[in-house]
Amino acid sequence: MKVLVLGSGAREHAMCWSLANSPLISKLICAPGNPGIAEEAQCINININNNDEIISLALKEKVDLVIPGPEIPLVNGIIDELHKVNIRAFGPSKEASKLEGSKKFTKNICKLANIPTAESEVFTNRDEAIKYIKKNKLPIVIKADGLAAGKGVVIAQNEEEAITAIDNSFNGFFGEAGKTILIEEYLEGVEASFFALCDGVTAIPLANAQDHKRVGDGDTGPNTGGMGAFSPTPNLTESVNNNIIDDIIIPTLIEMDKRGSPFQGILYAGLMLTKDGPKLIEYNVRFGDPECQVILTRIKSNLFEAILAAVDHTLEKFHLRFYDEVALTIVMASNGYPGKYKTHSIIKGIADANNIKGIKVFHAGTTLDSEKNIVSNGGRVLSVTANAKNIEEARVLAYKAIDYIKWDDGFYRKDIGKTSS
Ligand code: AMP
């Protein structure tokens, strides 16, 4: 089969690296890809936020299956568009992608299916939102309804912060995505991520993971796309995993199916493990980055066969196997990230790091300069991933690999795998 992966980050590098092993794939294409992905797939530069460009490429290359990495093509309805031209695709329809694209939509599903989540209300009016803040407990959480590149959530410690967050959202900070807001009860606990592979009816647990969102050691500084992750997380015991499947994932699939929008693809639940049990914070409708890197390096089964089983609605019979090893990834980012940073600084030593047994360096934001040097080309640049017997060994191994990477303009957290959030 000819397969087209969409995306250009470390998540898509891990996906291509994992798919490239499959004897069922005759040609693997990634659009637009990056220099790391180019070692696994043919990279073709198109704008994947434009459905027409994706469809043209898929038709021209006669691909049999398309696998989108990021959420934007999914929320843009690429799966529906591909089906219209008879190309199979792995991922949710435009309607089912609302589980990520609209927090209001997800809250409604939670209400209908009795899924544990934070109490919340939806507002499109400033005065009513402020009235609600004044009569509820602090801290309180203000969320833009739509996609806001991970920046649409504010945990307000006092009324003033809450009002500023409401004003910012209604004043267009997040464009249309913030014209509707949710105000939500603050949940206390430890966060974890849970991933399920879904075929519309059946969900099989892919693995769980924990990421490090803050930029600084000891969980300080602003939120980022993720500075590191490890899998599995000791916070999710088998019984908690079962609660998540039974009380959160399956009721969601049943409710979506009932509405005529069955969910096929990766369902990624962001959870708060509270004293009353796991509660859903949000859904994403694709792999997380950097969680993808730690999950896919642990999968023993053929990833492509698992994806085909989801596309063909035969997951019930699929047995997904994992290595017992722990995986841990450390993100190397450009100095200044998540704020302003410079690009095009030379990175050396990636091949040396990759030569260490148990190490795989995934490219997140790299490109080649005119002399074919690998240079930085984004905020998050590399994802150095280690697999080892336990988390301690994986951490030591990953930091050892980082020592081989020579990059003057980059930084990384020194405590990945050590903190609980
Ligand atoms: P979200 O985009 O909804 O995942 O929110 C981003 C981050 O904000 C989460 O990963 C949590 O750290 C935090 N967060 C969101 N909602 C809540 C909540 N109700 N209570 C506490 N923290 C929250």
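Counting starts at 1 for both ligands and their atoms, following the listed order. Residues: numbered from 1 along the sequence shown.
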J.: Using distance alone, with no hydrogens and no angle criterion, decide if Ser93 and Asp80 have a side-chain donor and acceptor under 3.5 Å apart.
T.: no
J.: Looking at non-hydrogen atoms alone, which of Lys103, Lys143, Glu185 comes nearest to atom 2 (O) of ligand 1?
T.: Lys103
J.: Which ligand 1 atoms, with their elements, are less than 4.0 angstrom from a heavy-atom of Tyr186?
T.: 20 (N), 21 (C)
J.: Of the backbone atoms (N, CA, C, O) and the side-chain heavy atoms from C-beta on, which set of Leu187 has a member under 4.0 Å from an atom of ligand 1: side chain, backbone, both, or neither?
T.: both
J.: List every atom of ligand 1 that sits less than 4.0 Å from any heavy atom of Lys213, numbering the atoms from 1 in the order shown and giving each element.
T.: 10 (O)
J.: Does Phe123 have its ring centroid less than 6.0 Å away from the ring centroid of Tyr132?
T.: yes
J.: Ring of Tyr412, cation from Lys414 - is the NZ or CZ under 6.0 Å from the centre and inside 45° of the axis?
T.: yes
J.: In this structure, are over 12 heavy atoms from other groups packed under 6.0 Å from Phe411 atom CZ?
T.: yes
J.: Looking at ligand 1, would Met272 count as a contact under a 4.0 Å heavy-atom criterion?
T.: yes
J.: Looking only at non-hydrogen atoms, which of Leu182, Val141, Leu271, Ile155 approaches atom 13 (C) of ligand 1 most closely?
T.: Ile155
J.: Do the rings of Phe362 and Trp17 sit parallel, tilted or perpendicular, given the 30° and 60° boundaries?
T.: perpendicular
